[in-house]
Amino acid sequence: MVEQLNDAHASTGWLASSREAIAAMGDALSRFPVTVIFLFLMALQANAMVADIDLAPVWIPDSVRDEDLLLALLAAVFASFAATLLAQAWRLSALIASLLALLAGVAAFTVMWPTMADRTVEWAFLASLMALVPIAPFAGRGSGNAFWMFTARLAFAAALGLLAFVLFGGGISAILASLTHLFGIDIPSDLYQHIWASIGLFVAPLFGLGQTPRVFDEEPGGHEHDMMQRGMRALGDFAAVPLLIIYAVILHLYVAKIIVTGEVPQGQIGWLVLTYGSCIVAVLLLTKPFLDTARAPTRFFVRFWPLFLLVPLFLLFYALSLRVDAFGWTVQRYFLGLFGLVMLVLVVLQLVPRVRGDIRMIAGIPVLALLVGSFGPQGALDWSLSSQRERFLEIVRGEPEDVHTKAEALAVLRYLNGENAALDVAPDGFVQEDDESLYRQVARAWGLDPDNPVQRGRQGFSYNNPGTFAFALDGFDTAIQNAQFYRENDPTGGVTLPDGTVLRLLLKKNAVSLEPAEGTPTLFPIDTAKIIELSSQGDQPAVLRLEAHGRTILLIPGYLYARSDPETVLENFTGTVLLRSADWP
C-alpha cells in the first residue's frame with residue numbers, strides 16, 4: 001500500500017513538473033512572441049541544414065552561407081529579447097512591445113546579413129547584443145542593486161535553459177539509443193541531430209525565456225541578501241581585490257621602468273591592460289552591492305579604483321600610438337583603443353556624484369561602445385580598412401625601392417585582400433582578369449613582386465581550407481586522406497598503400513618527402529613563393545602539383561603553416577595526397 005502511494009505521489013509530482021514546464025513555455029510565448037518566432041525560424045534553419053535542404057529564397061546570392069542566415073537569426077533573437085524587456089520595464093503596451101521587438105530584431109538581422117553589411121565584426125556584434133539583454137530594462141530607470149538582482153535571476157533562468165537542453169536532449173537520445181540496442185530498431189543518425197538542434201535552438205531557450213523575471217525593481221534583501229553578501233565579500237576581500245592590487249603594482253612599476261630607462265613598451269601591453277581593466281569591471285559588477293561592510297582594503301579599492309586605472313591607461317594609449325604609427329589600425333587595435341576610451345569615460349564619470357559607483361553605467365557604457373564599434377562606417381572593420389588603404393597607397397605612391405618596404409606593402413595588400421578590399425587600392429585604369437588572384441594582379445599593377453618572401457614583423461604564413469570542393473584526378477589512382485607531414489625529427493609512422501607499400505611522410509624544410517620502407521626517398525620541393533601565395537588566398541581551394549625524379553603527386557592542402565623568421569620554412573602540412581601506385585613499386 002505504501003509503495004502504491006509512493007508511486008502515485010511520484011506520478012503526480014512528474015505530472016506537476018511537466019505542467020510547470022509547459023506553463024513556462026506558454027508564458028514565454030505570451031511575453032516574448034517576436035523572440036519566439038525568431039527562435040522557431042532559427043531552429044527551422046538548423047534542421048534544414050541537417051537535412052541538407054536550402055530554405056533560402058532564390059534571390060539570395062550563392063555566396064551567402066547557411067551559417068550566415070543562422071547567425072543573423074541569432075542576432076535577431078537577442079535584439080528582440082532586449083527590446084521586449086525594455087518595453088516591459090517601462091510598462092508599454094503589448095502591441096508597442098511587439099512592434100519594438102520586431103523593429104530591433106529586423107535591424108539586428110540586417111546588420112548581420114552579409115549582403116547588407118559585410119563590414120560587421122560578428123563576434124563583437126553578437127556579444128554586445130547578448131550583454132544588452134540585462135541592461136536594456138534599466139535604460140533610464142531603476143537602480144544599480146535592482147540591475148544586479150535582475151541580472152542574477154536572468155543568469156539563473158539561462159542556467160535552467162541549459163539544464164533543460166541537457167536533460168531533454170540527453171533523455172530523448174538515450175531512449176532512442178535504447179530502442180536500437182535492446183530491440184534492434186534502426187534509428188537514423190540524422191534524427192539525433194534534428195533532436196539536438198530543435199531542443200538546443202527552440203525548446204530549451206523557450207523554457208529559459210519562461211523563467212525570465214517579471215519584476216525589475218527587486219533588490220537583494222533578507223536571508224538571500226545575507227547569504228550573497230557573505231559570498232561576495234569573501235570573493236572581494238580574499239581573492240579578487242588583493243590580486244588586482246598586486247597587478248596594479250606590477251603595471252605601475254613597469255611604467256616607472258619605461259620612464260627611467262626610456263625603453264619602448266614591448267608587445268602585448270595593451271592586452272595586459274585590457275585584462276586588468278576587465279577584471280576591475282567584473283569585480284565591481286559582481287561585488288559592489290555587498291561591499292559596504294567589507295574589509296578596509298577592499299572598501300578603499302572599490303572607492304578609489306579610478307586612481308588605479310590612470311597609469312595603466314596611459315601605458316595602453318602610449319603603446320597603442322606606437323603600433324598605430326608604425327602599422328596603422330587593425331580590428332584588434334581598434335577595440336583596444338575603444339576599451340581605453342571607455343575606461344577613461346568611466347573614470348571621468350566617477351567625478352559626477354549622481355552616477356558615481358552606479359554599476360548600470362559601468363556595465364552599459366562598455367556594451368554600447370562594443371555595439372557601436374562592431375558595424376558600420378564608425379566600426380572596427382571599416383576604420384581598419386580605411387587606415388590600411390591609406391597606408392598601402394602612401395607606401396606604393398612613394399615608389400619604394402628597398403625590399404623591406406615593398407614587403408610591408410604586400411603584407412597590407414594581403415590583409416586587404418583577405419577582407420575583399422584589394423580592388424579599393426588598385427591603380428587608375430586597372431582591369432581585373434579572372435585567371436589570377438586579385439592580390440597578385442593588384443601587386444603587379446603597382447610594380448610589386450607578389451612572391452616577395454621578405455615579411456618584416458610577420459611571424460608566419462598559414463592556409464586553412466576545411467571546405468568541400470571537386471578536382472580532377474588527372475590519372476592518379478591512389479589517395480592518402482588526412483595525410484599529416486611531420487618534421488624529420490618528429491616521431492612518425494607509415495602509411496600503407498593498397499598494394500602493401502609503406503610510405504613515410506616527412507617535411508624537410510620547404511619540401512615533402514615520401515620515403516618507402518625499402519628504397520630511395522623522393523623529395524618534392526614546394527616553392528616559397530607558392531607558400532606565400534597560398535596564405536593570401538584565404539579559404540579558396542588549392543591544388544599543388546609537384547614533380548621530382550619522374551614521379552608526380554598532387555597535394556590538396558587542408559592546413560598549412562610556415563614560419564618566416566628568419567626565413568620561410570614549412571612547419572606543418574595536413575591534407576590529401578594523390579599519387580600513382582605504379583610510381584611506388
Side-chain angles (χ1 to χ4, degrees), residues 17-57 65-85 88 94 97-98 100-102 104-109 112-113 122 125-127 129-130 132-134 136 153-177 187-214:
S17 300
S18 300
R19 284 196 296 268
E20 289 175 0
I22 295 173
M25 295 181 186
D27 188 44
L29 182 58
S30 63
R31 285 187 66 190
F32 308 102
V34 176
T35 303
V36 171
I37 290 173
F38 284 126
L39 277 174
F40 175 77
L41 292 176
M42 190 166 61
L44 183 65
Q45 170 64 13
N47 278 281
M49 291 169 62
V50 172
D52 199 21
I53 298 174
D54 188 7
L55 293 181
R65 304 166 303 166
D66 289 334
E67 293 81 359
D68 295 326
L69 180 56
L70 203 62
L71 288 177
L73 288 170
L74 179 60
V77 167
F78 286 135
S80 61
F81 187 27
T84 305
L85 289 176
Q88 291 178 356
S98 297
L100 189 62
L102 181 61
V106 171
F109 183 93
M112 280 292 289
W113 191 246
E122 294 179 346
F125 186 66
L126 286 174
L129 288 179
M130 183 170 60
L132 203 59
V133 169
R153 295 198 180 282
L154 191 63
F156 180 71
L160 288 178
L162 181 62
L163 182 62
F165 168 67
V166 174
L167 292 178
F168 287 144
I172 295 175
S173 296
I175 291 172
L176 294 179
I187 304 296
S189 60
D190 286 355
L191 182 57
Y192 289 95
Q193 299 179 48
H194 284 295
I195 290 170
W196 284 100
S198 300
I199 292 175
L201 296 178
F202 186 71
V203 177
L206 195 63
F207 180 78
L209 285 176
Q211 309 299 319
T212 302
R214 289 180 172 273

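Atom set for the values below is all heavy atoms of this structure, side chains included, hydrogens, waters and symmetry mates excluded.
Between A46 and A197, the shortest heavy-atom distance links the atoms CB-CB, 4.2 Å. A136 approaches A82 most closely through the heavy-atom pair CB-O, 3.4 Å. Between L129 and A79 the shortest heavy-atom distance is CD2-CB, 4.3 Å. Nearest heavy atom pair, residue A83 against residue A104, reads CB-CB, 3.7 Å.
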Let me check something: any side-chain donor-acceptor pairs from residues 169-177 under 3.5 Å, sequence neighbours excluded? List them with distances.
unit_1	atom_1	unit_2	atom_2	d
S173	OG	G169	O	2.8
S173	OG	W196	NE1	3.0

Going by atom type alone, with no hydrogens or angles, which donor-acceptor pairs under 3.5 Å involve a side-chain atom of residues 32-44 and a protein atom two or more places apart or on another chain?
unit_1	atom_1	unit_2	atom_2	d
T35	OG1	S80	OG	2.9
T35	OG1	F81	N	3.3

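R31 places no side-chain N or O within 3.5 Å of a backbone atom of Q88 that could act as its donor or acceptor partner.
For residues 189-205, no residue pair satisfies the salt bridge (charged side-chain N to carboxylate O under 4.0 Å, His left out) rule, not counting sequence neighbours.
Atom CD1 of I53 sits about 10.5 Å away from atom CD of Q45, to the nearest 0.5 Å. Summarising the geometry, atom CG belonging to L74 is positioned 10.5 Å from atom CD belonging to E122; distances are rounded to the nearest 0.5 Å. With values rounded to the nearest 0.5 angstrom, F165 atom CZ is found 15.0 Å from L160 atom CG. To the nearest 0.5 Å, the span separating CZ on F207 from CG on D27 amounts to 11.5 Å.
Using a 4.5 Å cut-off on side-chain heavy atoms (C-beta onward), V77 and L73 make no contact. Looking at F78 and L132, their side chains never come closer than 4.5 Å, going by heavy atoms from C-beta outward. In this structure, the side chains of M112 and F125 come closer than 4.5 Å at one or more pairs of heavy atoms.
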Please assess L100 against T84 for the test side-chain contact (heavy atoms from CB on, under 4.5 Å), listing each intermediate value before the final yes or no.
-> CA-CA 7 Å; L100 189 62; T84 305; over 6 Å; no
